Amino acid sequence: MENKGPYYDQIDAYLSGQLEPGEQEAMRKAIGQDAALAREIEMRRLEFDVSEALIADVIRQQLQRLQSEPSPPVRPPKIQKIYLIWLIAAILVVAAIGIYRWNRPASQPQAMPPPASTDQPKDIVPSLPSAPQAVQTPNENPQTPRPTNEQNRRYLALATELYQNPDFETLRGAAPDAADPLETALTAWQKQDYTAAVSALRYIKSNDPKYWRAVTLRAHAQFKLGQFGPAARSFAAVADSKMMPWCEDADGYLLLALLADGQAGTAAFRARLDKVLSDTGHPWFEQAKTLQSRLNSK
Amino acid sequence: MKNPAGRTDEQITQALLGSVPQREAVFVYLYRASGWRERVVQHVCRDGGDAPAGEDVFQETLILFDRNIREGRFRGDSSLQTYFFGIAKQYWFNRRRNIRPESLTPATYSHPDTDNPEKITLLIERQQMISHILEVLGEHCKKVLELYKLSLSNEEIALEMGLSSPEMAKKYTYRCREKFRTFVLGRKDMVEHLDIRLHHGK
C-alpha cells in the first residue's frame, strides 16, 4: 500500500483493534478529517472480510472432509487392545531382529549392528552418525556371533514398551490425495508394510509442504523396522526443525529411538531427556518422567 | 500417562497462528480428539436442535474462534475450551432466535443488531458483494489473499503456493491486492456501499 501519512501504516492494527486506546482515538479523529484515509480503511476492511470469507471456506471444506471420512475407533476400550496388538507385534519384530542379529556373521556389511555399549557413547549432537557402528574387539572372530549387551537389550525392551503409534489423522492432514507419496506411505503404514512406507517417502523434497510430516512418518517406519539409528536421525531432524506440532512429538520418540539404539548413556540422550523434563507443558513430559525413573531403577 | 496427541491451550493457539499444515493439524485435533465437538453437539441437541445443527454450530464456532484467536480478541480470562463453548452457546442462542443474518464477522457477532433494519440491509449487501468479489478473483489470488491474511511470511506463502522465491510471493501478493482494489473501485455499487458505511461510522 502506498504510504500517504502517519496513519496509513496503522490501518491493519486499527481494524484488528490492536492499537493502544490513545492511538485508536487518534485514528478515529484522523478518519473524520481525512476522506481518503476513511475510504482506504473501508477498502481494507472489505479486503479483510473477503480474506476471512476465504479462510472460513477453507475451514468448512476441511471439516466437511473430516465429516465424510470414517471416524477413528472410539478410544478407551479399543485403544488398549490396539496398543496391545501393536506391542505384541513390536515384540515379535524385535525378537526376530534379535535372532537375526545373533545368527548373522559380523562381517556382513548391510546388517544392523547391536546397540552400542554404554562404555562407548555415541554422541548425536550436533550431527548423528551416518550409520550405527558395530562394536568389535580385535580378538573377536568375525564368524562367531557377537555378544549382545544385556543392559541394551533391556533398553530396547523399554523403548518398545513405551512406544505408541502416532496419530495417523494428524499426519494425514486435510487434503489427502491418493497419488501423494505421503498418502502412499500412510497406506503402507496401515498395512504394516514399513519398508514400503520408507520407500514411498524416499524422494520427497525438503521444499514440499508435507516434508516434515513425511520425515515424521519415515522415522516411525524406520523405528518399526528396527532401524533405530536412522529413526533417531529422522526424529532429531524433526525435533530440531521447531515445526509444531511435529517437533514436540519427535522430541519424545527421539528418546525412544536413542534408547533402542543403545545410546541411553550418552550426553546427547541426557540433553534431550533433560530438555523434555524441563518443560512441564511438553506433551511428552509424563512419559519422560516415566522413562527417567525406569532408567534410574535399572 | 498423558496422551501425546493432547494439546495444551498454548499449543492450540500457536498452531492457529502458525503455518497451514499446523492449522490443518489442529483443526483435525479439535474435530476428532479434543471432545469439544461432542460437547457442542450435545448442547445443541439438549437445547432444541439436532445433531446436524450441532455439527453446523461447531463448524461456525470454530471459524469465529479461529478468527478471534488470530486477531488477539481472546484475553486469556478463561480456558480456550470455556471460551469456545461461550461462542458456541451464543451462536446457537442467536441462531435459534433468528437474531442475525447469516455469517457475520466476530465483531458484529458479539453485538448483533436486532433493531436496525438499515444496518442489517447493509450487512446483507456486503455479503452479496463479498460473494461477487470471490467469483471474479482467480483461484490463485484467493489463495494468496487467504495466506496473506493468515500473516504468513513471504517465504511460507512461496512454499504453500509452490513459488520459486519469497520475492515472487511478495510480487503475487501485491498484484492480487491491486487486482482486488481495481475491481472494487471500478464498481460503482461497491464504492457506494463503502461510502455509505463511512457515513455510518463502521
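It should be emphasised that the depicted structure is a prediction, and the values quoted were computed from it without experimental measurement. In what follows, chains carry the letters A, B, and so on, assigned in the order in which the sequence lines appear, proteins first and then strands, with residues in each chain numbered from 1.
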Task: Residue pairs involving residues 147-166 of chain B (criterion salt bridge (charged side-chain N to carboxylate O under 4.0 Å, His left out); sequence neighbours excluded) - done: A:Glu52-B:Lys149, B:Glu71-B:Lys149
Portion of [X] that has a non-hydrogen atom of chain A nearer than 4.5 angstrom:
X        : value
B:Gln14  : neither
B:Met190 : neither
B:Phe180 : side chain
B:Leu147 : neither

TODO: Take the angle between the ring planes of A:Phe235 and A:His220 and call it parallel below 30°, perpendicular above 60°, tilted in between.
DONE: perpendicular
Task: Interface moiety of A:Phe285 toward chain B, non-hydrogen atoms closer than 4.5 Å - done: neither
Task: Heavy-atom proximity to chain B below 4.5 Å, by part of A:Ile59 - done: side chain
TODO: Run the salt-bridge test on A:Arg39 and A:Glu42 with the 4.0 Å N-O cut-off and return the result as yes or no.
DONE: no
Task: Ionic contact status for B:Glu178 with B:Arg175, cut-off 4.0 Å - done: no
Task: Pick from A:Gly252, A:Ser51, A:Ala53, A:Gly32 with the largest number of heavy-atom pairs that fall under 4.5 Å of chain B - done: A:Ser51
- [ ] Scan for ring pair (Phe, Tyr, Trp, His ring centres under 6.0 Å) pairs involving residues 46-72 of chain B, sequence neighbours excluded, and state none if there are none.
- [x] B:Trp36-B:Phe65, B:Phe58-B:Phe84, B:Phe65-B:Phe84
- [ ] Without swapping roles, check the side chain of B:Gln22 against the backbone of B:Ser19 for a donor-acceptor pair under 3.5 Å.
- [x] yes
